[in-house]
Engineer: 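Let me begin by handing over the structure; questions about it come next.
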Amino acid sequence: SATDNLDFDLIVVGGGPGGSTVSTLVAMQGHRVLLLEKEEFPRYQIGESLLPSTVHGICRLLGVSEELEKASFMPKRGGTFRWGKSPEPWTFSFSISEAFSGPTSVAYQVERMKFDQILLNNARDKGVDVREGSAVVDVIDDDGRVRGVVYTDPAGNRRKAHSRFVVDASGNKSRIHGQVGGKRHYSEFFKNIAIFGYFEGGKRLPAPNSGNILCAAFESGWFWYIPLTEKLTSVGVVLRRDALERVQGDRVKALQTLIQECPLIAEYLADARRVESGPYGEVRIRKDYSYCQENFWRPGFALVGDAACFIDPVFSSGVHLATYSALLAARSINTVLDGELDETRCFEEYEARYRDEYSLFHDFLVAFYDMHQDENSYFWSAKKVTNSSASQLESFVELVGGGASHESGLLKATSYGEQRAALFQEFSELIESPADEDGTDRDLFESELVESVLEQGAKIQVQATFGESADDDVPVREGGLVPSPDGMHWAEPAAAATPP
Ligand code: FAD
């Protein structure tokens, strides 16, 4: 048939944040990319609380920042926790870390139906051939190398498409992740179940923290309470696996009973009503979500996001790991497609950095689940796992903001954001200055100024993207590679740079 034997540089399976990110970053380098998504968007997904590294790092690289601003998502300054030994809730804000100061210290709480749609539309705009209603059923394996996929098109016909690389970004229900070899190892430690629904009219934390994620531990587990809009709140409970029988039977009743067992959440929902219709009307359950694949890649094939691994909902690392791994995979693919470096070295770099970030969150979360500690002990654990020279609190915020790797792709946005804010400050002062009182044509003045500000802003953005930071020059391991100055490829480190 006509679509058989289509040829691409890259085929991406799945159009969630991981799939949209890797496909866009490869297409932006001029390569031919096909993305196959099983569902018709918008589709429901859990994972609504985002980190600054995703919002200001990855989304800026994708060129989607303006689109996100327009969507008016709930600003998230940090988190508020009733957790551990202290009876009183404690709050952290991303802005205390130097990595996320200024305007980039605020992340978003997002309705995933909207957020994922924005990223997928952007992939299309950037040249990705996106096909919805197309479910991948297998990979094409030839001579030890993955060379394409088999999928069903929207009419139900079985098709083939060929490519130099295939990325599996099809999430926790991936049908093809096992093709990478090795097993999916389920965590011995995180054996949790989540039950969740949506409420209207729930209470808000006092300003300026009203957009914070609120997490509240209680006897049987902990709650997340995520304000998505002024009215709408995502509410979920994470329970230990041995509490499975508590959520069997009537889910709505089970959720209501659990809410009554957690005084803080019960108080916040006292005047709220559960949403009963539409995509938010269902009470959902998820389990068996904490795992890590033994291998992350083999020739021609790599995993990103939940297809590779996920840890636990606490601290909202899921979309961060999905989009960061997508950036790492995109660098590897771009480098090999351009014939710059050998495939094995590039994908070893992707896997090493992906596993590092996964391990930081994993090891920290193990310590965080020890409820007998106070917050200072958690901050100390963050400093220990990241081996950071910053203060304990700052190490903690850097880690849970997604900035522990110190990659400029995730952080440089800060300096751009700060400089842009400074420019606009200057701009508004100029506008307020008495220039127009002595007859200057204000419109002309403004438009010239606007133009020059935009131009300078663009320059700064370019510098921010292409500039080098000390951390990017140093490989993270012996024989390792470093991001190229534009962040889109891998490069050999300078001779002088040695790993710490
Ligand atoms: P997904 O978002 O799952 O996207 C995969 C896509 O692939 C889907 O659109 C799917 O339709 C498509 N697909 C599947 N199979 C096929 C196929 N065969 N062919 C083609 N397409 C296919 N993360 C956070 O960042 N913050 C949170 O607050 C948070 N809370 C969570 C709470 C719970 C209870 C759980 C379980 C997870 C939570 N997460 C959270 C994690 C988050 O949901 C995931 O990590 C994130 O969605 C992973 O993105 P992804 O792109 O890898 O996969």
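Atoms within a ligand are numbered from 1 in the order they appear, just like the ligands themselves.
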Engineer: To check you understand the geometry: which heavy-atom pair defines the closest contact between S332 and C346, and what is its length?
Structural biologist: OG-O, 3.0 Å

Engineer: Answer yes when R353 and E357 have at least one side-chain N-carboxylate O distance shorter than 4.0 Å, and no when they do not.
Structural biologist: no

Engineer: Test of understanding: with side-chain contact (heavy atoms from CB on, under 4.5 Å), list the residues that count as partners of N122, not counting sequence neighbours.
Structural biologist: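 With sequence neighbours excluded, N122 shows a side-chain contact (heavy atoms from CB on, under 4.5 Å) to T24, L62, V64, K126, given in chain and number order.
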
Engineer: How would you list, by chain and number, the residues with a heavy atom under 4.0 angstrom from ligand 1?
Structural biologist: V13, G14, G15, G16, P17, G18, L36, E37, K38, E39, F41, R43, Q45, I46, G47, E48, S49, R112, S134, A135, V136, A169, S170, G171, A194, W224, R286, Y289, G305, D306, F310, P313, S316, G318, V319, A322

Engineer: Are E282 and R274 within salt-bridge range, i.e. N to O under 4.0 Å?
Structural biologist: no

Engineer: Considering residues at least two apart in sequence or located in another chain, which fulfil the side chain to side chain donor-acceptor pair (under 3.5 Å) criterion with N157?
Structural biologist: D153

Engineer: Got a sec, which pairs hit side-chain hydrogen bond (donor to acceptor under 3.5 Å, both in side chains) with one end in residues 247-264, sequence neighbours left out?
Structural biologist: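 Listed once each, the pairs are R246-E261.
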
